[in-house]
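Note that this is a predicted model, so its numbers are computed, not measured. We name chains A, B, ... by the order of the sequence lines, and we start the count at 1 in each one.
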Protein chains: 2
Amino acid sequence: MVSAADRVKKPGMSSVWLDAKKPRSAGGGTGTGTGRKADPAVAGLDREKITAATVALLDAEGLAKFSMRRLATELKVTAMSLYWYVATKDDLLELAVDRVMGELDLPDPAAATDWRDQLRQLAQTYREVLVRHPWASILVGRFLGIGPRMMEFSSATLGLMRKTGMPLDRQGGTVASVFQFVYGFATIEGEFHQRAAASGITPDELYAEAMGAISGAVEGTELFRDSTAVMEARGGSTVAEMYDRDFRIALDVLIAGIEATSAASSAE
Amino acid sequence: MVSAADRVKKPGMSSVWLDAKKPRSAGGGTGTGTGRKADPAVAGLDREKITAATVALLDAEGLAKFSMRRLATELKVTAMSLYWYVATKDDLLELAVDRVMGELDLPDPAAATDWRDQLRQLAQTYREVLVRHPWASILVGRFLGIGPRMMEFSSATLGLMRKTGMPLDRQGGTVASVFQFVYGFATIEGEFHQRAAASGITPDELYAEAMGAISGAVEGTELFRDSTAVMEARGGSTVAEMYDRDFRIALDVLIAGIEATSAASSAE
DNA sequence: ACCTGAACACCGTTCAAGT
DNA sequence: ACCTGAACACCGTTCAAGT
C-alpha cells in the first residue's frame, strides 16, 4: 500500500557524503595516538581504521574478493559490527575511493607553472592513483565522486582550464577530453596489471601470451598486418614502456588540440 | 605437492575465444528456424540463445543483479544446465560483451570519407553502444576484448589512423587518446543513466538533485564559483544536451590535435 | 555505546545422478 | 546428449539480544 509513496521518497542520490550524521569517530588525532580505553586496544574501531583496512584489502585482493565478512575477520570482529560505523558496503567503498584520491599530487594553484606542465602533472598523478588502486576505477564511475579529495581534484582541473586560454563555453568539453581519457586509459592499464598479478605472472609475460593467442586467430588478415606495424613502430621493450609512451603521445595530441583551439578562438 | 606445477600451468589468459572446443550449438541458422525436435520446442537451449538472454537481462537489471540462477529461471531451466554451454559466468559475460559490439555501426573501410567524419562516426557509435549497455563498460576493461566484433572495431580504428597522416610511431598513442576518451566518457555517462533508472527518476531530475546536494557543501568556495561559471557557459537545457555538447567539443579538441601533430611531422 | 549470533534470502560451481 | 538435486562454501543485511 505504501509502495507508491516509497517510490517517490527514494532519493537516488544516496552517498556517504550527503548523510550528515557521521558516526562516532575519534576526532582529528594524528595517526595512532595512545589508546584511551584499556582493554580493547587492538579493537577500538572507527571509520578511519575501517576505511584504511578496506583500502589495504582492496589493494591486496581486488574488488571481486572484497566482502564485509572478509574485512571483518581482518579487523578481528564480526561482520555485523562494521554496520555500526557504515550503513552499507557501498558507503564504505565510497569512503575508500575518496581516501585514495588523497594520494593525488595536486599542483599548487598559486604557482605560475606553464599550463602544459600542470596538465601533464595532473594527468600523470591521476593515472598513477588509478593504476595503483585498480578497484577505484569502477567505483569512480559508480559513485559520482563528491568526496572532499575528489572535489579538490575537480577544483584543480578547473584551475588548470583557466590558464589554457580556452573559451569558457568549451572548458567543460576540454576537461572531459583530458580526464575522461586518463580515466579510460588508466582503467584499462590497471585491469591489465591486475589480471597479470592474479595469474602470478608479470605484465610482460601476460602480454606475450596474449599476443601469441591473438595472432593465431588473425594471422594473415589485414588487422594482423596493421596492428603489427603499429606495435613495432610504437617501440619500447616492455609493456610499461609502451604504456608510458602511448600516454605521453596522447597527452601531446590533447595539448596540441587545446593550443590550436584556444589560438583560433582568440584570433576571431 | 602439485601447487608449484599448478602455478606454472595457470594460464592467465583465459578467454572464451581461446577455448577452441565450442559446445554443441545449432549451426548458422537464420533466426528462429523450425524446431527440429518435437517436445522441447520452448527449451532447446544453445549458446546463442543464452547469450541473447544474458544481454537482455543485463540491459534490464544491470550487472550487479545478474546471476546464473536468475538467468536460468528466465530461460526456464535450472542454473546448472547453463554450465553445459558455458564454462563459467565470466565466459558468458565475455560472449555478451562481444555480442553488443556487433551493434557498432562501422564505417565502410573502402569509402573515401574524410577521416574527421569517420572518427566522429566511430567515436559516436562506440559511445552509443556503451551507453545503451552500461554493464559492458566494466566488462570491456576486464576481458581485453579479443572477440570477433571487438576485433573488427580495432581494425576500423587502425584503418582510420592510416588516413589521418599521423606518423606510424604515434598511431598507438593517438588511437588511445580518442578511444580511451570515448570509453571513459561513455562509462561515466552510462553509469549516470543507470543510476537514474535504478531510482526511477530521469537523468535531469538526478542531475538537479545532485547539484543541489553538492552546492550545499561547497557554496561560497572557489570551486563553486568556477564550476558554476563553466556549467552556465556550457549551455544546454538538459543533461543529454550537455553530454552531447561536451562530447562534440572534446572530439573537436582531439581532431585539432591530430591535425596539428600530423601537419608538424610532415613539415619536418 | 558498541558488539554479537542466528537467520533470511541470496551467490558460483562441483559432482553424482537421472533420462 | 542434455538436464537436475543436493551440497559446499560463500554473500549483504536485519533484528533481537547481549555487555
Side-chain angles (χ1 to χ4, degrees), chain A residues 14 16 19 21-27 35-50 53-54 57-58 61-96 135 139 142 198, chain B residues 14 16 19 21-27 35-50 53-54 57-58 61-96 135 139 142 198:
Chain A
S14 66
V16 230
D19 294 340
K21 43 153 190 175
K22 288 198 179 185
R24 35 276 123 176
S25 60
R36 216 88 68 82
K37 295 283 179 62
D39 256 299
V42 191
L45 243 36
D46 57 37
R47 230 183 218 214
E48 161 64 22
K49 267 182 198 159
I50 292 175
T54 299
L57 198 53
L58 285 167
E61 306 187 351
L63 186 57
K65 283 189 181 166
F66 177 83
S67 77
M68 296 299 269
R69 289 168 135 112
R70 179 80 184 72
L71 174 65
T73 62
E74 210 73 14
L75 290 166
K76 292 173 201 268
V77 292
T78 65
M80 301 74 214
S81 40
L82 300 172
Y83 285 92
W84 204 78
Y85 300 93
V86 289
T88 63
K89 184 189 178 185
D90 269 12
D91 274 13
L92 183 50
L93 293 176
E94 207 174 350
L95 290 167
W135 48 269
L139 301 176
R142 192 186 298 175
Chain B
S14 65
V16 228
D19 294 341
K21 43 153 190 172
K22 290 198 177 184
R24 36 275 124 179
S25 60
R36 216 87 68 83
K37 294 283 177 64
D39 256 299
V42 192
L45 243 37
D46 58 37
R47 230 184 220 213
E48 161 66 22
K49 268 182 196 158
I50 291 175
T54 300
L57 197 53
L58 285 166
E61 305 186 354
L63 186 58
K65 283 188 181 166
F66 178 83
S67 77
M68 296 300 270
R69 289 166 135 110
R70 179 79 185 73
L71 174 65
T73 61
E74 208 75 15
L75 290 166
K76 294 172 201 269
V77 291
T78 65
M80 300 76 214
S81 39
L82 300 173
Y83 285 93
W84 205 78
Y85 300 94
V86 288
T88 63
K89 185 190 180 187
D90 269 12
D91 273 12
L92 184 50
L93 293 175
E94 207 175 350
L95 289 168
W135 47 269
L139 301 177
R142 191 185 299 174

Check this one for me: any side-chain N or O of [X] less than 4.0 Å away from OP1 or OP2 of [N]?
X       : N     : result
B:Ser81 : D:dT4 : yes
B:Thr78 : D:dT4 : yes
A:Tyr85 : C:dC3 : yes

Whole-Å distance separating the [atom1] atom of [X] from the [atom2] atom of [N]:
X       : N      : atom1 : atom2 : result
A:Leu82 : C:dG5  : CG    : P     : 14 Å
B:Phe66 : C:dC11 : CZ    : P     : 11 Å
B:Leu75 : D:dT4  : CG    : C1'   : 16 Å
B:Met68 : D:dC11 : CE    : P     : 20 Å

Taking 4.0 angstrom as the limit, do B:Glu94 and B:Arg142 come out as a salt bridge?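 Not counted as a salt bridge, because no side-chain N and carboxylate O are separated by less than 4.0 Å.
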P atoms of C:dA17 and D:dC2, separation to the nearest Å: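 Straight-line distance between the two P atoms is 22 Å.
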What nucleic acid atoms does A:Ser67 come within less than 4.0 Å of, heavy atoms only: base, sugar-phosphate, or nothing?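 Sugar-phosphate only.
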Does B:Met80 reach a base, just sugar-phosphate, or nothing at all? Heavy atoms under 4.0 Å.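 Base contact - B:Met80 has a heavy atom under 4.0 Å of at least one base atom.
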So what's D:dT19 paired with, Watson-Crick or G-U wobble, going by both distances under 3.5 Å?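 Across any shown strand, D:dT19 pairs with C:dA1.
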For C:dA9, which nucleotide is its Watson-Crick or G-U wobble mate, given both distances must be under 3.5 Å?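 Its partner is none (no Watson-Crick or G-U wobble pair with both distances under 3.5 Å).
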Residue met sooner reading DNA chain C from 5', once A:Arg69 and A:Ala79 are mapped to nucleotides: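 Mapping each residue to its closest nucleotide by heavy atoms, the 5'-most match is A:Ala79.
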